[in-house]
Amino acid sequence: MLGNGILKGLTETARNFFGSYVGKERLTTVQYPEERLPQIEAARSFPFLVYDGADWQQGMRCVGCQICEKECPPKCIFIEKSKDKKPDAVGKQQFYPAVFNIDISVCMSCQICVEVCPFEAIKMDVDYNLSSDDRFGGLLFDKHRLAKSNEYYNTIHPTEAGAVDARLAEDRAKAEAKAKAAADAKAAAPGAPGTPSLGAPASTAPAQSTDGEPK
Amino acid sequence: MSASTYSTPQGLLEPAIGPGEEQLLEISMGPQHPSTHGVFRMNVVLDGERVVRLKPVFGYLHRNHEKIAESETYLGSMPYTDRLDYMCSITNNWAYALAVEKLAGIQVPERAEYLRIITGELTRLQNHACLLGFLLQDMGSSGTPLMYAFREREKILDLFEALTGARMMCNYMRFGGCRVDMPAGWLDQAKQVVADFPKFLDEYEQLLVSNEILMERTQGVGILSRELAINAGKSGPMARASGVNYDIRKVDKYGIYDRFAFRVPLGDHGDVYDRYMIRFLEMRESVKILNEAMRDIPDGPIVDPKMRIRGFRPKPGEAYARIESPKGELGFYLISDGSPNPYRYRVRPPSLINLTVLEDLCIGQNVADVVAILGSVDIVLGEVDR
């Protein structure tokens, strides 16, 4: 019969229409600003800089090595390395980025900066409420705006941040043990390992594993 | 220059109506016409309602992808491949990763191969579901089928977000494996989504397959003959709808596709209806592959441990790798001169090559059919223009 197929299709539409009043599976949308879906943990928006401790300037993990600047595909990162060293969160003398800017109007959220960073200093944020009426200044994030605490990182990506913290603690313990052994062996020689060299960071180089979720 | 030439991204275009053809009418569909897929423009010459000539005009979305890739590192172009066919970024990543792996002779661990198959077939599901929605939207079934298709697509995009961190620009593959392993509970969630998918397909078939208006508008419209499909280098669902038994998953058996039992659906008429139906059948086959892959996925590393993310310099040489992307044969051709960036980088886009027969399909059809034919070709302008 002509029109049979149309009627068949309309029963489907009707089933979906009435089903949307009773079942969640047929009404999947939410009323956005009032009602929000839970954040998916792996989600990413734009990069931010992690700092340890309370003071963002002192605790910044970034040492200004400029690897991310070099590897960034759209070249949205601009870094100027400091001339002097300052003590970091654990009191070690480190270089720091004198200028660290990310132009998020250029950034494409590919997270290659996160993968290449040997110091676990740059991570992906989940904040997406970033609209601004200032087209240039409002989207050019400086060091201060990018700096976010390790606690914040632990809140937004708990699994990943836990793994990173564990790895950093392990590296630190290893470095301390090594320093102690070296100091014991040669009491006269300065034994503490210096800043990891920029070309080949000593122990944290396999960047493939830096953002892998623990299995 | 006569006053009637007009400028396009491809240069100045002469008017398509010659002297003595004053009864013809030339209209420009797009680049902002709501029925064109992205910024695609067709200059259609009409005799009444009938299409006499059709000249595609594209390049509005050209963004120098290949040249940019030649100045980027190998890894640096991976996120750019997401933007080629932005509907299915994971298969784009896969094709590019496969080309680089072939160039540098990298092995992929077992688990990564399974992850690639799972994400790749999920991409196929969501691409085909979308295509059905868009095609019906083009034919005037405004809203409903598209929304149903998008409802299913959202579930798959949620899976992608939980796995890769992004819904569309996944940037998931790496040379020698995948970027991240699946988080806890992801596999169960994916199994649930795949188990529910045939229900959606049944519902969608019930909704429109036997619809008389749809049949009237699609059957016998835009017929692509088997010979033309082969001669013009068509691939993917478009060639298979014309009866060409050519699926690169079967022909090349790249990855580990030889381990899965699936069939290649073929059409016999090559009209819009066949191209529409072939997507249903392919989705059903994809569900089979997914079920097998999610059952068999082994434990292990997800990336070749020898691979370093920085300082990657393959030996001089060249490689072409191709995969069966949801739209057809997607190939990447790379020449390495031993430096960190490719000397030559070339994409073989299925959308562009499937689009080349558009004029042959449209001649003699009504102007309203042009929209349906274009929809059935399944193009994404990000890939056509690059």
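Below, chain A is the first sequence line, B the second, and so on; all start at residue 1.
Within residues 77-88 of chain B, the residues having any heavy atom under 4.5 Å from a heavy atom of chain A are, by residue number, Pro79(B), Tyr80(B), Arg83(B). Contacts between residues 154-167 of chain B and chain A, defined by a heavy-atom separation under 4.5 Å, are made by Asp158(B), Glu161(B), Ala162(B), Thr164(B), Gly165(B), Ala166(B).
Side-chain atoms of Arg44(A) and Asn171(B) include no donor-acceptor pair closer than 3.5 Å.
Open room surrounds CD on Gln107(B); 12 or fewer heavy atoms of other groups in view lie less than 6.0 Å from it. Residue-environment remark: CD (Gln31(A)) stays at or below the threshold of 12 foreign heavy atoms within 6.0 Å. No more than 12 heavy atoms of other residues, nucleotides or ligands sit less than 6.0 Å from atom CZ of Arg135(A). Within 6.0 Å of atom NZ in Lys67(B), 12 or fewer heavy atoms from other residues, nucleotides or ligands are found, so the atom counts as exposed in its surroundings. Within 6.0 Å of atom CG in Asp133(A), 12 or fewer heavy atoms from other residues, nucleotides or ligands are found, so the atom counts as exposed in its surroundings. More than 12 heavy atoms of other shown residues, nucleotides or ligands fall within 6.0 angstrom of atom OH in Tyr32(A).
Proximity to chain A (any heavy atom under 4.5 Å) is shown, for Leu75(B), by both the backbone and the side chain. There is no contact between Ser45(A) and chain B, counting heavy-atom distances below 4.5 Å. Looking at Lys70(A), neither its backbone nor its side chain comes within 4.5 Å of chain B, counting heavy atoms on both sides. Only the side chain of Thr28(A) comes within less than 4.5 Å of a heavy atom in chain B; its backbone stays farther off.
A pairwise comparison of heavy atoms in Thr73(B) and Glu71(A) identifies OG1-OE1, 4.3 Å as the closest pair. Residues Tyr148(B) and Thr13(A) approach most closely at OH-CA, 3.6 Å, considering heavy atoms.
Of all the listed residues (Lys8(A), Met108(A), Lys75(A)), the one sharing the greatest number of non-hydrogen pairs under 4.5 Å with chain B is Met108(A). For the set Ser109(A), Cys72(A), Pro74(A), Cys110(A), the count of heavy-atom pairs under 4.5 angstrom toward chain B peaks at Cys110(A). The candidate with the highest count of non-hydrogen atom pairs below 4.5 Å against chain A, out of Pro145(B), Cys170(B), Ser210(B), is Ser210(B).
To the nearest 0.5 angstrom, Gln111(A) atom CD is 4.0 Å from Arg179(B) atom CZ. Rounded to the nearest 0.5 Å, atoms CG (Asn211(B)) and CG (Leu7(A)) are 10.0 Å apart.
The shortest distance between side-chain heavy atoms of Thr29(A) and Arg151(B) does not fall below 4.5 Å.
Between Glu203(B) and Arg15(A) no salt bridge is recorded (no basic side-chain N to carboxylate O distance below 4.0 Å).
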